[in-house]
Participant: 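Here it is, the structure, as structure tokens.
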Amino acid sequence: EAGVERDQYGFKLTDKDFIPVYREWVQQHRRKAEERKAKWMDLFRKSPGTSYLNNDKLKKLVRKGIPDSSRGEVWMDVSGASQKKAAN
């Protein structure tokens with residue numbers, strides 16, 4: 001359907017009054033996600049390899065959200081799967 005606006009998951013945005021509110025929310029969410037990503041990149045830069053696992057900020061950052069681009073690697077490290085994989 002041409003001209004139908006959709007959200008990031010493909011759902012139609014049908015409420016014309018809601019669309020501007022949604023657009024503003026998306027902008028704010030993207031800004032916040034970029035801020036979080038910068039904090040994670042700073043952590044990785046300061047703690048190379050898996051040494052970031054011993055950083056006091058890790059718990060707080062995980063609770064705030066892991067960036068999509070780093071999520072798989074972080075969960076492999078945090079869960080211990082990286083170490084098990086390296087051992088085999």
Side-chain angles (χ1 to χ4, degrees):
E1 296 172 46
V4 175
E5 192 164 349
R6 296 180 181 271
D7 69 8
Q8 66 189 47
Y9 302 106
F11 291 99
K12 292 178 186 177
L13 297 174
T14 55
D15 184 346
K16 300 297 181 201
D17 293 331
F18 176 71
I19 292 174
V21 174
Y22 175 75
R23 286 181 184 151
E24 178 63 29
W25 177 86
V26 168
Q27 287 180 336
Q28 290 175 359
H29 178 72
R30 285 184 182 148
R31 260 192 311 275
K32 190 57 111 173
E34 286 301 316
E35 290 172 10
R36 286 188 183 129
K37 184 176 181 178
K39 289 179 183 179
W40 277 94
M41 294 301 111
D42 187 49
L43 176 68
F44 293 147
R45 190 173 17 80
K46 291 179 179 176
S47 307
T50 58
S51 64
Y52 73 91
L53 295 172
N54 299 320
N55 191 300
D56 294 336
K57 294 180 181 180
L58 179 65
K59 189 176 190 178
K60 181 180 177 183
L61 289 174
V62 168
R63 287 181 175 167
K64 294 270 186 175
I66 303 169
D68 292 339
S69 59
S70 303
R71 189 170 294 141
E73 181 182 348
V74 169
W75 281 119
M76 287 287 287
D77 292 342
V78 170
S79 70
S82 293
Q83 292 81 359
K84 287 183 180 181
K85 186 176 179 181
N88 289 325

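Computation of the quantities below employed the complete heavy-atom set of this structure, encompassing side-chain atoms and omitting hydrogens, waters and symmetry-equivalent molecules.
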Participant: What class does the angle between the rings of W25 and H29 fall in, given that below 30° is parallel, 30 to 60° is tilted and above 60° is perpendicular?
Facilitator: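 Ring orientation, 0 to 90° scale: parallel.
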
Participant: Could you list all the ring pair (Phe, Tyr, Trp, His ring centres under 6.0 Å) pairs where at least one residue sits in residues 52-88, not counting sequence neighbours?
Facilitator: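 As it turns out, the ring pair (Phe, Tyr, Trp, His ring centres under 6.0 Å) pairs with a partner in residues 52-88, which skip direct neighbours, are F44-Y52.
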
Participant: Mind checking side-chain contact (heavy atoms from CB on, under 4.5 Å) for N55 and listing every partner two or more places apart, or none if nothing turns up?
Facilitator: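 Checked N55 against side-chain contact (heavy atoms from CB on, under 4.5 Å); matches are L43, S47, K57.
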
Participant: Can you list every pair that meets side-chain hydrogen bond (donor to acceptor under 3.5 Å, both in side chains) and has a residue in residues 78-88, with sequence neighbours left out?
Facilitator: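 As it turns out, the side-chain hydrogen bond (donor to acceptor under 3.5 Å, both in side chains) pairs with a partner in residues 78-88, which skip direct neighbours, are D77-S82.
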
Participant: Among D7, T14, L13, whose side-chain contact (heavy atoms from CB on, under 4.5 Å) with I19 holds?
Facilitator: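 Option passing the side-chain contact (heavy atoms from CB on, under 4.5 Å) with I19: L13.
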
Participant: Show every salt bridge (charged side-chain N to carboxylate O under 4.0 Å, His left out) that has at least one partner inside residues 15-31, sequence neighbours left out.
Facilitator: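 Output for this query lists E5-R23.
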
Participant: Kindly state each residue pair satisfying salt bridge (charged side-chain N to carboxylate O under 4.0 Å, His left out) with at least one member in residues 41-53, sequence neighbours excluded.
Facilitator: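 For residues 41-53: D42-R45, D42-K46.
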
Participant: Under a 4.5 Å side-chain heavy-atom rule over Ile, Leu, Val, Met, Phe, Trp and Tyr, are M41 and M76 clustered together?
Facilitator: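 No, no single cluster joins them.
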
Participant: Can you sort out the partners of E73 under salt bridge (Lys or Arg N to Asp or Glu O under 4.0 Å), two or more places apart, ordered by chain and number?
Facilitator: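 Here no residue qualifies.
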
Participant: Find out whether L61 and I66 are in side-chain contact, i.e. whether some heavy atom of one side chain is under 4.5 Å from a heavy atom of the other.
Facilitator: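 SC-SC contact between L61 and I66 ruled out.
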
Participant: When the side chains of residues 32-40 are checked against the rest of the protein, which donor-acceptor pairs come out under 3.5 Å, sequence neighbours left out?
Facilitator:
from, atom 1, to, atom 2, distance (Å)
R36, NE, K64, O, 3.1
W40, NE1, G65, O, 3.0

Participant: What is the distance from atom CG of N54 to atom OG1 of T50, rounded to the nearest 0.5 Å?
Facilitator: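 One finds 7.5 Å between CG of N54 and OG1 of T50.
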
Participant: Restricting to side chain to side chain donor-acceptor pair (under 3.5 Å), what partner residues turn up for D68, sequence neighbours left out?
Facilitator: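 Here the qualifying residues are R71.
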
